[in-house]
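These notes are about the structure you will find just below.
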Amino acid sequence: MRAREEELKGLGADFTFGFIQVMDGEKDPRNLLVAFHIVYDLISRDYSLGPFVEELFEVTSCYFPIDFTPPPNDPHGIQREDLILSLRAVLASTPRFAEFLLPLLIEKVDSEILSAKLDSLQTLNACCAVYGQKELKDFLPSLWASIRREVFQTASERVEAEGLAALNSLTACLSRSVLRADAEDLLDSFLSNILQDCRHHLCEPDMKLVWPSAKLLQAAAGASARACDHVTSNVLPLLLEQFHKHSQSNQRRTILEMILGFLKLQQKWSYEDKDERPLSGFKDQLCSLMFMALTDPNTQLQLVGIRTLTVLGAQPDLLSSGDLELAVGHLYRLSFLEEDSQSCRVAALEASGTLATLYPMAFSSHLVPRLAEDLCTEESDLARGDGPTRCSRHPRCLQALSAISTHPSIVKETLPLLLQHLCQMNRGSVSPGTSEVIAVCQSLQQVAENCQRDPESCWYFHQTAVPCLLALVVQASAPEKEHSVLKKVLLEDEVLATMASVIATATTHLSPDLASQSVAHIVPLFLDGNISFLPENSFSGRFQPFQDASSGQRRLVALLMAFVCSLPRNVEIPQLNRLMGELLELSCCQSCPFSSTAAAKCFAGLLNKHPAGQQLDEFLQLAVDKVEAGLSSGPCRSQAFTLLLWVTKALVLRYHPLSSCLTERLMGLLNDPELGPAAADGFSLLMSDCTDVLTRAGHAEVRIMFRQRFFTDNVPALVRGFHAAPQDVKPNYLKGLSHVLNRLPKPVLLPELPTLLSLLLEALSCPDSVVQLSTLSCLQPLLLEAPQVMSLHVDTLITKFLNLSASPSMAVRIAALQCMHALTRLPTPVLLPYKPQVIRALAKPLDDKKRLVRKEAVSARGEWFLLGSPGS
């Protein structure tokens with residue numbers, strides 16, 4: 001047929017008749033696949049079918065629906081789904097089959113066989129793409145009756161979903177057919193039948209057919225703009241009337257959720273003339289109903305009301321300025337609800353963010369001033385020392401401000417408010433708490449994330465917030481500012497870490513040109529104390545974080561780390577050699593662990609991004625020399641180890657050749673009596689994703705499958721080291737190995753499982769709870785994915801898991817019980833001898849003092865009780 005198409009077409013219908021005779025009675029699935037493809041080509045390539053259309057249909061449709069189970073170990077690999085799709089392509093390839101196919105589909109939909117129903121509905125869906133009104137006209141009542149019955153009565157969600165999809169396709173087919181002036185519009189009559197059969201069920205919100213009816217109407221309405229207008233204009237008045245007729249909150253919620261479904265469908269279609277929009281005539285009623293829901297005391301009804309407000313707001317020109325002002329007032333009220341209405345509060349904040357993007361002026365005029373007033377009130381409370389009265393409203397006010405900062409014009413109002421509020425905390429007579437400062441920084445963080453969508457907003461946030469934050473902490477770190485109430489709070493680890501996150505988020509999405517402008521100010525600030533670009537830069541003292549002996553200024557290197565480690569790779573950093581030298585020196589300073597760790601991370605982050613070449617080699621040599629000098633002896637061993645760890649991670653991520661040497665050095669430290677446990681934990685850092693530095697979001701060079709490569713290169717050495725190590729340091733090797741395996745993708749681990757399983761089982765006997773938890777987390781998925789291998793050690797596994805279910809650590813107890821639960825996935829004959837022993841042993845954790853442990857015990861014991869029972 002490919003090579004001699006013209007000659008075969010020259011045979012006319014005789015070729016088709018000859019093929020029908022050859023295909024008739026074929027049973028081999030391999031031949032059927034080929035035959036279905038040939039029939040499809042006969043139709044799609046316009047071969048002459050002559051008077052044999054019905055015969056061609058009969059010779060293919062006799063296989064519908066496909067009932068085929070491939071034999072075990074079938075070398076040909078033909079699946080039932082292959083045959084189904086090939087046959088469906090044939091049946092749905094031409095409208096000429098319609099008069100024969102549609103009665104067959106109706107018959108199969110009405111049958112009792114689930115697979116036949118699904119296949120028939122899916123085939124009908126496919127046919128609607130090529131059929132027109134002419135083919136469907138005589139079968140529409142029967143098709144609608146079959147689909148309606150399946151949606152109303154089915155116990156299968158899949159059949160319901162396919163029925164709704166078929167109805168949508170039928171309606172779409174009727175919608176796109178071109179009509180003659182004197183022809184009957186089948187779409188209107190079809191939709192009228194659907195409305196007639198479903199409308200009355202919408203008046204019974206407590207009855208079980210209300211939702212199937214709503215789904216049928218929505219499936220039809222979602223097919224085209226015409227269908228949506230027809231259904232919506234008939235259904236909305238009824239639902240609005242029913243909402244007012246029913247007074248119970250749960251009934252109103254059901255009705256409002258149905259209305260919401262029809263409102264969402266309107267978003268699919270655009271209307272050039274706003275007067276043509278079907279919702280225009282219901283605008284006032286919909287707004288009134290929505291506001292009733294928002295003021296109802298029922299939380300679930302409020303939630304639906306908030307979603308309705310969001311959808312109505314997305315419809316252009318539907319909400320008037322008065323409606324918007326009222327809606328903003330409701331969102332303001334809902335944003336300050338008590339803890340027991342947490343879901344409503346979160347939904348209100350989310351809706352505020354969505355609507356603020358669409359209506360920035362309304363939120364700037366009506367919400368921002370109220371939130372600003374709340375912040376001023378709270379600042380006054382703080383100045384008077386009335387801390388407890390503000391605890392609940394203060395974080396919610398900050399959350400509301402950050403939530404609505406989704407439009408550039410609003411950001412220009414809310415960002416100064418938040419920064420001013422942070423500065424005002426420094427001028428009160430009572431020191432703010434750490435949590436209050438962190439709450440402000442977290443709000444700034446969310447604003448920064450919102451600004452990442454718009455380059456202009458991102459740059460505005462960066463050049464406004466970053467200098468302000470730096471000015472605050474530089475002031476706080478000055479020695480003569482001891483009396484500042486905010487000083488100690490701003491320099492705390494948690495606060496600096498949160499500020500660092502804000503600065504990193506504000507930097508990652510900068511363009512290289514703008515990032516270069518910023519780096520030209522910030523790096524000289526830390527190296528030379530150049531404070532000229534900071535607001536209110538009249539600092540009496542000098543800012544020299546790398547030379548200052550006090551820890552206050554050194555701690556601010558964490559902010560430098562956040563900035564430079566988030567820059568795009570192609571941004572040139574001024575005075576890089578000097579900066580790297582200063583970071584290297586500070587990383588081994590013992591007076592302030594926070595500063596030395598931040599310096600080590602910053603050094604590693606810059607190493608990771610630096611292009612290969614002589615300069616990188618020089619930096620690495622300096623780092624190796626510094627590490628070796630620090631590890632040899634003296635008080636800086638811990639800091640030198642931290643530097644080694646971060647430099648190793650930076651190189652492992654980018655596949656640098658030196659990473660293997662540094663990893664070997666790290667393994668050597670597992671035998672060290674002082675640093676051995678820390679070195680074992682270091683393998684967790686090497687294999688895990690960081691949140692502050694060395695991240696893909698921060699433009700770090702992170703090669704794909706670095707974990708797999710690390711596993712292949714280093715686990716054999718870890719195993720050899722374990723076997724050769726003295727007894728007292730073996731736990732360090734087990735801990736390191738456990739961390740590596742726990743973070744490795746399971747498909748990589750499964751082939752190595754037989755050789756490593758004995759070590760994992762030994763790790764369960766290690767007294768360190770971190771090792772136990774890491775190993776249990778590693779074993780649980782393996783019980784599900786490699787049952788045959790795990791079955792060989794079932795006796796040991798059961799004994800160790802039951803012992804750990806009585807561990808002092810709650811996390812270990814929970815993980816052990818989860819593993820006991822996962823054990824039930826092993827072959828039943830292997831487990832049955834242990835069933836009585838396990839059920840008795842699992843009775844003890846049922847009385848555990850922690851609820852989460854009891855919950856896991858109930859779940860695991862229940863599965864063991866059912867083991868071996870019929871149907872389990």
Side-chain angles (χ1 to χ4, degrees), residues 13 16 36 39-58 60-61 64-65 85-110 119-148 150-151 162-197 216-231 265 268-269:
T16 304
F36 292 154
V39 176
Y40 181 79
D41 284 344
L42 285 174
I43 296 167
S44 62
R45 293 177 178 273
D46 294 323
Y47 281 80
S48 174
L49 304 185
F52 304 115
V53 174
E54 184 173 1
E55 286 77 5
L56 186 62
F57 171 77
E58 291 294 341
T60 51
S61 65
F64 182 86
L85 294 176
S86 297
L87 177 56
R88 184 177 301 155
V90 171
L91 296 177
S93 60
T94 174
R96 286 183 285 178
F97 282 169
E99 59 179 307
F100 315 115
L101 177 60
L102 290 175
L104 175 64
L105 294 180
I106 293 168
E107 177 192 337
K108 298 301 180 184
V109 170
D110 294 345
D119 202 354
S120 302
L121 290 167
Q122 289 165 351
T123 304
L124 175 59
N125 200 341
C127 290
C128 289
V130 295
Y131 287 4
Q133 288 201 5
K134 182 178 72 172
E135 288 77 25
L136 294 173
K137 180 178 180 181
D138 295 336
F139 303 97
L140 283 175
S142 300
L143 287 169
W144 161 239
S146 296
I147 291 172
R148 180 190 63 209
E150 292 308 317
V151 175
E162 294 298 341
L164 294 173
L167 178 61
N168 182 272
S169 298
L170 276 173
T171 312
C173 178
L174 297 175
S175 301
R176 65 173 173 264
S177 299
V178 179
L179 299 176
R180 299 192 313 274
D182 58 342
E184 177 191 359
D185 186 358
L186 289 179
L187 177 64
D188 277 349
S189 58
F190 184 62
L191 293 176
S192 297
N193 285 338
I194 297 174
L195 285 163
Q196 181 180 345
D197 290 343
L216 286 166
L217 288 167
Q218 288 167 8
S224 68
R226 279 179 63 207
C228 194
D229 292 354
H230 186 114
V231 173
L265 292 174
K268 294 176 63 175
W269 320 111

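The model shown is predicted, which means the values in this text are computed figures rather than measured ones.
- Side chains of H230 and D188 form a contact here, defined as non-hydrogen atoms less than 4.5 Å apart.
- Rounding to the nearest 0.5 Å places OG of S146 at 11.0 Å from CG of L102.
- Heavy-atom minimum distance, V130 versus A92: CG2-O, 3.3 Å.
- To the nearest 0.5 angstrom, Q218 atom CD is 9.5 Å from L164 atom CG.
- Interatomic distance, CG of L105 versus OG of S61, reported as 10.0 Å (0.5 Å rounding).
- Between V90 and F57, the closest side-chain pair of non-hydrogen atoms is not below 4.5 Å.
- Between V231 and L265, the closest side-chain pair of non-hydrogen atoms is not below 4.5 Å.
- Shown here for L87 and T60, the closest heavy-atom pair between the two residues is CD1-O, 3.6 Å.
- Contact detail for F64 and L104: the closest heavy-atom pair is CD2-CD2, 4.0 Å.
- Using a 4.5 Å heavy-atom threshold, the side chains of I194 and L167 count as touching.
- At distances below 3.5 Å, at least one donor-acceptor pair connects side-chain atoms of S189 with backbone N or O atoms of L186.
- What you find for R226 and S175 is that their closest heavy atoms are NH1-O, 3.6 Å.
- For the pair L56/F100, no side-chain contact is recorded, criterion being any heavy-atom separation below 4.5 Å from C-beta on.
- Within the structure, no pair that satisfies the salt bridge (charged side-chain N to carboxylate O under 4.0 Å, His left out) test touches residues 92-107, not counting sequence neighbours.
- Note that OG of S120 is 9.5 Å distant from CG of D110, once rounded to the nearest 0.5 Å.
- Taking all atoms of both residues into account, the shortest heavy-atom contact from C127 to L91 is SG-O, 4.1 Å.
- The closest side-chain heavy-atom distance from T171 to L187 is below 4.5 Å.
- In this structure, OG1 in T123 is found 9.5 Å from CG in L85, a value given to the nearest 0.5 Å.
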Without placing hydrogens or testing angles, list every side-chain donor-acceptor pair under 3.5 Å for residues 42-50, not counting sequence neighbours.
unit_1 : atom_1 : unit_2 : atom_2 : d
S44    : OG     : Y40    : O      : 2.9
R45    : NH1    : E5     : OE1    : 3.3

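- Listed by chain and number, the residues in a side chain to side chain donor-acceptor pair (under 3.5 Å) with Q122 are R88, E162 (sequence neighbours excluded).
- E135 places a side-chain N or O within 3.5 Å of a backbone atom of G132 that can act as its donor or acceptor partner.
- Residue V53 comes nearest to F97 through the heavy atom pair O-CE2, 3.6 Å, listed as atom of the first residue, atom of the second, then distance.
- Interatomic distance, L143 CG to I147 CD1, rounded to the nearest 0.5 Å: 6.0 Å.
- In this structure, F139 has no ring-ring contact (aromatic ring centres under 6.0 Å, His included) partners at least two apart in sequence or on a different chain.
- Residues passing the ring-ring contact (aromatic ring centres under 6.0 Å, His included) test with F190: none are found, sequence neighbours excluded.
- Residues satisfying the side chain to side chain donor-acceptor pair (under 3.5 Å) test with N168, not counting sequence neighbours, are none.
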